[in-house]
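Below, chains carry the letters A, B, ... as their sequence lines are ordered, and counting in each starts from 1.
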Amino acid sequence: MADVSFNDWKISRKLAAGFALMVMVIMATGGITFYNLGQLTAARGQLTDSKLALDTLGRAEFFLARQENSFRGFLISLDPYYLERAKSHQDNFKKTMSEVRTLVAGHPESVVQIDAAVKAADEWYAQVVDGGSALAMNPLTYSDAATMVGQSGLADELMTKVEGPMEAVLKVETADVAAATERLATINNQTTAMIAAALAIAAAVAAILGWMLTKMIATPINSMTSAMRRLAEGDSSVEVPARGRKDEVGEMAEAVQVFKDAAIEKARLESQTDEQRRQTEAERARNEAERAATAQEQAKVVAGLASGLDHLARGDLTFRISEPFPGDYVKLRDDFNAAISQLQEAMSVVAINVRAMRSGAGEISQAADDLSRRTEQQAASLEETAAALDEITATVRKSAEGAKQASAVVATSRGDAEKTGHVVGDAVQAMSEIEKSSEQITQIIGVIDEIAFQTNLLALNAGVEAARAGDAGRGFAVVASEVRALAQRSADAAKEIKSLISASSQQVAQGVGLVGETGKALERIVSQVAEIDGLVSEIAASAQEQATGLHQVNTAVNEMDRVTQQNAAMVEETTAASHSLATEAESLSQSVGRFNIGATGEAPAAPASRPAPARSSRGESFANRHVPQMKNSSRDGGAARRPEPVAESEGWEEF
Amino acid sequence: MTDTVTQGVAQRRELIAFRIGDQEFCVDIMSVREIRGWAPATPLPRTPSFVKGVINLRGAVLPIIDLGARLGLNTSEPTARHVIMVVHIGERTIGLLVDAVSDIINMSDDLVQPTPDVASDQVKTFVKGLFALDGRMVSLIALDRVLPETEAEAA
């Protein structure tokens, strides 16, 4: 089952699965390698620690030996310098031993040993160095001190207590180093073996995958290729391999199977076609015999048709084929006869139509003549109209100019009237001056009157005195009387002047009123003149517009004239064409008359008067159709009114 | 004065003619001292209506009498053209206010015609006679009647 399902996978999927397997194997190998490398690193760290502990322990032993050495130097030289050295070496020893204690913290028994060694060293120092130095400083006890460090002395005994625990620690650490080295070698070997095994597994997996992919992809394709090649060479019996598969190879096999089925179908069709061709050959041979038999009958039929066509060619439409035709050709003869009959009928109709057309063409010709004449009259009238319009245009232009001049004159009048208004104002002014002067004169005259009055009084007094004087004053009285007379005349004259002046003042006032009225009248005249000016301007503008309009009318009339001339020319052409149409209708009638169409065709001049009984209704319909048409045409335009009675009379003659 | 009128029939005499309203009167020229223009008069209390007042004539007090009012004619307010005639009546000198002095007339007494009887007595007391002269009718005034009797007597 697993195999079948794997075969059903697509090739790309198969390839991806193979490579995924390979990647998994390589990743497993890498993981193992990384794990072993970690192990190696841990073992090497342990080894390094143990070696460092051993080195430090060696340094501690060195400092212990230097203490002993320094003390011996003191014993020899009794120099305190060596005691100082021994002290510093003791300090270094203690410091180094504490370092060792830290390094061997993993082994509790070693820590105990270290503590014991330090304690023993302190005791050695107290007894040997401190005690020994005190002894040595005293010459009496110097020998005791020397003995203490001698063979089997106290010093060696105490030193052994120090060295014992240190040896034990040394042994433990050395054993650790050996163990770590051993473990390192073991891990190394293990790693090497595992990597080799992983490589072998990867190689084996790759080889197996390669073999499987080759078997599942390349082999079917190769067999498919050979099958296809054989199919291409025409071998349709070849069995298409791997058709059951569901991958690309299976699809390819299905496609090849389609090719193969098509090739088989094609071969089957070719064999069928060959069979049909053989049947056709046999049938053709049978037909050849039948055709030879009918050829004779055809010759006879052709002869009959030839004679019929000969009559037809000579225009005899009354001929019918009467001799018997073989069975198959009876219909041909009937059709021929029917065709001739149809042709005969059609020619009869054509003959009637041609007659109607001839009369119609005649009417058209007459109408065209009338139209031509009237168009010429119209053209002449239009020319006259155009000339009259020109005159009117000139007149209107003159009117416009006159109106313009009138406008100018009116404007001048307006100016004059305005000037006159000023003059009137001046006159009023002058008259008021006159009034003033009159008043002054009146005053002066008052003075004169007063003087005259006083003179009169004086003269009267003089007269009174003269009268009192009696005869002596007689001459004086005369003088006084003369003076009185003069004064009286002066007073009279003054009175007269006064009345004159007052009359003059009244007249002047009247004159002022009149002049004011004149001014108002002049103002009215000015405004009226302005109105007149506007009206005259409007008249001028209208005259100008009239001139423009008349010019347009003139243009239009000229255009009409031109068009009418063209119409006249066209009408002449139409007349000629209608004449030619009439001629053509005549010749068409003659052409149609050549055909022998039986009783109806014998008299082309008046065929409609004697229509065949079978076609009478149709002839009537044609005639009916013509007469109303003529009436219509005659009603449409006055130009064709004259031919109307002719057409009607012809129509009524026909009926 | 009456003596002079009633003396010689053909005695010639000069008269001063003057006008009050439309009527013309005259007096003897010898009774006239002076003729002068109107000057406003100072009215006097408790005087008759025809006494216009007094004026100063060269230092002398001269009473002014409106002759029109005195004669019972319609009068008007005096103007500069009115005239005062200074006359002697008896021993008194008075000013007579008239409208105008028109003429000095020479004539004889026989042309004087008597005042018609149709006139009332009062008229006859003021007008001594009438002259018909050149279509005009001139009344001769009796000057001694112009002042009231009491005054005349007092004068």
Asks: Quick one: pull up CD in A:Q488 and OG in B:S102 and give me the separation to the nearest 0.5 Å.
Replies: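 With rounding to 0.5 Å, CD (A:Q488) is 9.0 Å from OG (B:S102).
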Asks: Side chain, backbone, both or neither: which part of A:Q454 has a heavy atom under 4.5 Å from chain B?
Replies: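 The answer is neither part of A:Q454.
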Asks: So, do A:F453 and B:V83 sit near enough that their side-chain heavy atoms are less than 4.5 Å apart?
Replies: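 Result yes, sub-4.5 Å side-chain heavy-atom pair found.
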Asks: Between B:E34 and chain A, with a heavy-atom cut-off of 4.5 Å, which part of the residue counts as in contact: side chain, backbone, both or neither?
Replies: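 For B:E34, backbone and side chain are both near chain A.
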Asks: Under 4.5 Å heavy-atom distance to chain A, tell me which part of B:R81 shows up: side chain, backbone, both or neither.
Replies: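 Both backbone and side chain of B:R81 come within 4.5 Å of chain A.
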Asks: Please test B:R36 against A:N461 for side-chain contact (heavy atoms from CB on, under 4.5 Å), starting from the C-alpha separation and ending with a verdict.
Replies: CA-CA 8 Å; B:R36 53 183 298 125; A:N461 282 319; 5.6 Å; no
Asks: What pair of heavy atoms forms the shortest contact from B:I29 to A:G463, and how long is it?
Replies: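 For B:I29 versus A:G463, the nearest heavy atoms are CD1-O, 4.0 Å.
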Asks: Say whether, by atom type as modelled, one donor and one acceptor occur between the side chain of A:R468 and the main chain of B:V32 under 3.5 angstrom.
Replies: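 Looks like yes, one N/O pair under 3.5 Å.
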Asks: What part of B:A100 gets closer than 4.5 Å to chain A, counting heavy atoms only: side chain, backbone, both or neither?
Replies: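 The answer is neither part of B:A100.
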Asks: Can you tell me if A:E433 has over 12 outside heavy atoms packed within less than 6.0 Å of its CD?
Replies: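 Yes - once you tally the heavy atoms of other residues, nucleotides and ligands closer than 6.0 Å, there are more than 12.
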Asks: I'd like to verify something: which residue of A:V464, A:L457, A:N456 has the highest number of heavy-atom pairs under 4.5 Å with chain B?
Replies: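 Between A:V464, A:L457, A:N456, the count favours A:V464.
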Asks: Hey, is NE2 on B:H82 packed in by over 12 heavy atoms from elsewhere, all under 6.0 Å?
Replies: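 Above 12, so yes.
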